[in-house]
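Side chains included, hydrogens not; waters and symmetry mates left out as well; all remaining heavy atoms used. Every chain is numbered from 1 and lettered A, B, ... according to where its sequence line falls, protein lines coming before strand lines.
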2 protein chains.
Amino acid sequence: MHVFEAIEQRRSIKHFDPDHEMPEDEIRRLREACLLSPTAFNIQNWRFVAVRDPAIRRGIREAAWDQPQVTEASLLVVLCLDLNSWDRDPARYWRHAPPEVAAQLVPEIRAFYRGDPQLQRDEGMRSCGIAAQTLMLAAKALGYDTCAMDGFDFGRVGELINLPEDHEIALMIAVGKAVRGAHARAGQLPPEEVWFRDRFPSGY
Amino acid sequence: MHVFEAIEQRRSIKHFDPDHEMPEDEIRRLREACLLSPTAFNIQNWRFVAVRDPAIRRGIREAAWDQPQVTEASLLVVLCLDLNSWDRDPARYWRHAPPEVAAQLVPEIRAFYRGDPQLQRDEGMRSCGIAAQTLMLAAKALGYDTCAMDGFDFGRVGELINLPEDHEIALMIAVGKAVRGAHARAGQLPPEEVWFRDRFPSGY
C-alpha cells in the first residue's frame, strides 16, 4: 500500500475480529518497522510491550473503561519510554558511525539531557508518537486497522506489564481486523487554523 | 512509494540542495497528510509553522547550532502544540459525528484534561510525534528526505515564529532534496532489548 493511501485510509477502529490471530511473521514485520523509527541522537528511548496473554489483556481492558478493542485486537502494543536511555552507555547508539562523528555526538547526548527531567520525558513522548505512527501505517499496509489509546489507568497498566520505575507509558495501539468501519471524520479543523506560513499570524 | 519502503528508506539527512524550491502543490499534499494524523479525542492539538522566509530561516539556524539543513531545506516545518486545544470549544471536533457519539465524547474531553498540565503537554508531544512521522514518510514518498530536529534554542525559535504563550514547540522537520546520503545506521539496539512479549522481563 502506498504511503498516501495508508495515511488517508488510517482511521481509529474500535471493533475487531476477536478470533483473528496475527501470524508471527507479521508481528516481526511490524516490530522491524517500529525499530526503524527515528529518535533524537539515536537514543532509541522507546520500549514496546506486545501483549497477547488473555489475562493481561482482560486486566488492561478493566483499566481502560472496558473498551472492547483491548481484548478483541490481534495485537496490543503498549509504547513506553525509558527516561534514562540517554545515560545508558550512549556510545553504543553510535558504535557503527565514523569515529569522528561518534566522538562529536556521544558527549553531546549526556550534556543535552542531564538534569532536565521534563526534556527526558518530552523526548520519550515524541519518540513514542513517531513510532506509533510507524506502527499504525505499517499495520494498515498489512491489512490491519488500529486504535491509538491513552484513555486508561496508566498506573494500573504499568503494574500489569511490570513497567520499570524510570519508565513511563506513552500510549497503547490496538491492531486488528476491523469488523465495523469508522464513521465519517468527526470534525477536522480547516487548514488555515492549524497550518501557518512563516509564523503564527497576529490575532491568532 | 510503498509504506514499508518509506519506513526503511527514511534516514536523517543534513545536506540538502539549497536551490531547490518545493512546488506549492507538494506543500499542499504534505499539509493534507499531516492534518490526517490522529489525535486523542480528535482535539487536533498540533500546529504547523512552515517557514520559508529566508530571514527567519537564518535566525532559526543561528538558534540551532548553525546546522546547515535549517536554511538548505526546501521546507522547514516547526511542529507546535496548543496546550489548551481541549478547552477551545471541543464540540467542534465532533460536529460531524452521530449526535449520540458526540453527546458522550465531548464532555469527556474537558473532564480528561482539566487541571493536569503534564497530561496536556504529554498529549501535545505525542500528537506532534505522530504528525512528524506522517510528514517524514509523506515527504519520502514525494522524493524528499527529512531531518527531525530538537537540538535548538526553543525559546529563541518561539520568538521568531511568534509562538503563543500557551503553546509549546515540539520539534522541527527539515524537508529537502538530499545532496549527500546518510551513513550506515549508527547502532540499532537488538529487538530483544526494546520489544517484549506481554510484560517487561524480570531482570530487565
Side-chain angles (χ1 to χ4, degrees), chain A residues 1-4 6-8 12 31 33 35-38 40 42 44 46-53 56 92-98 122 125-130 132-134 137-138 141 148 150 161-164 170-171 183-189 191 194-200 204, chain B residues 1-4 6-8 12 31 33 35-38 40 42 44 46-53 56 92-98 122 125-130 132-134 137-138 141 148 150 161-164 170-171 183-189 191 194-200 204:
Chain A
M1 181 180 273
H2 286 206
V3 171
F4 280 90
I7 290 169
E8 286 153 19
S12 292
R31 186 187 75 189
L35 271 50
L36 294 177
S37 303
N42 198 37
Q44 300 164 74
W46 21 240
R47 298 293 180 269
F48 304 87
V49 181
V51 179
R52 295 211 292 184
D53 180 274
I56 302 178
R92 67 199 167 123
Y93 306 136
W94 292 89
R95 65 189 185 281
H96 302 309
D122 287 349
M125 295 292 167
R126 278 190 285 261
S127 292
C128 285
I130 290 172
Q133 184 69 326
T134 307
L137 296 178
D150 67 1
I161 64 168
N162 197 24
L163 186 76
L171 76 166
H183 295 296
R185 289 187 185 275
Q188 299 311 105
L189 295 176
V194 295
W195 180 286
F196 309 107
R197 178 64 57 91
D198 290 326
R199 62 177 73 76
F200 283 85
Y204 163 80
Chain B
M1 180 180 273
H2 190 276
V3 171
F4 280 90
I7 290 169
E8 286 153 19
S12 292
R31 186 187 72 189
L35 270 51
L36 295 177
S37 302
N42 198 36
Q44 301 166 72
W46 20 240
R47 297 293 180 270
F48 304 87
V49 181
V51 180
R52 296 210 294 182
D53 181 274
I56 302 179
R92 67 197 168 126
Y93 307 137
W94 292 89
R95 67 189 183 280
H96 301 309
D122 288 349
M125 295 292 168
R126 279 190 283 262
S127 293
C128 286
I130 289 172
Q133 184 68 328
T134 306
L137 296 178
D150 67 2
I161 64 168
N162 197 22
L163 186 75
L171 75 167
H183 296 296
R185 288 187 185 275
Q188 297 313 104
L189 294 175
V194 295
W195 180 286
F196 309 108
R197 175 64 58 92
D198 290 328
R199 62 177 73 76
F200 283 85
Y204 163 80

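To the nearest 0.5 Å, the span separating CG on A:Asp150 from CG on B:Asp122 amounts to 9.0 Å. Here OH of B:Tyr204 is found 4.0 Å from CZ of A:Arg47. Values are rounded to the nearest 0.5 Å.
Residue with the most contacts toward chain B among A:Ser12, A:Ser37, A:Ser127, A:Pro191: A:Pro191 (heavy-atom pairs, distance under 4.5 Å). The greatest number of non-hydrogen atom pairs below 4.5 Å with chain A, out of B:Ala141, B:Ala148, B:Ala6, B:Pro98, is found for B:Pro98.
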>> What verdict does the side chain to side chain contact (heavy atoms under 4.5 Å, CB included) test give for A:Arg185 and B:His96, after you've listed the backbone C-alpha separation in whole Å, the side-chain angles of each residue and the deciding distance to 0.1 Å?
In response: CA-CA 7 Å; A:Arg185 289 187 185 275; B:His96 301 309; over 6 Å; no

>> Between B:Val51 and A:Arg199, does the side chain to side chain contact (heavy atoms under 4.5 Å, CB included) criterion hold? Intermediate values first, please.
In response: CA-CA 7 Å; B:Val51 180; A:Arg199 62 177 73 76; over 6 Å; no

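Proximity to chain A involves both the backbone and the side chain of B:Tyr93, based on heavy atoms less than 4.5 angstrom apart. No part of A:Ala184 comes within reach of chain B, as not one of its non-hydrogen atoms sits under 4.5 angstrom from that chain. Both the backbone and the side chain of B:Ala138 come within contact range of chain A, with heavy atoms under 4.5 Å apart. In this structure, the portion of B:Asn42 lying under 4.5 Å from any heavy atom of chain A is its side chain and not its backbone. For A:Leu36, the parts sitting under 4.5 Å from any heavy atom of chain B are the backbone and the side chain alike.
In this structure, the side chain of A:Gln44 engages the main chain of B:Leu189 through a donor-acceptor pair within 3.5 Å. Judged by distance alone, with hydrogens and angles left aside, the side-chain atoms of A:Arg126 form no donor-acceptor pair with the main-chain N or O of B:Ile130 at under 3.5 Å. Checking side-chain atoms of B:Asp198 against main-chain N and O of A:Asp53 turns up a donor-acceptor pair under 3.5 Å. Checked by atom type and distance alone, the side chain of B:His2 pairs as donor or acceptor with a backbone atom of A:Met1 at under 3.5 Å.
In this structure the side chain of B:Pro38 reaches within 4.5 angstrom of the side chain of A:Gln133, judged on heavy atoms.
Closest of all the heavy-atom pairs between A:Phe200 and B:Leu163 is CE1-CD1, 3.7 Å.
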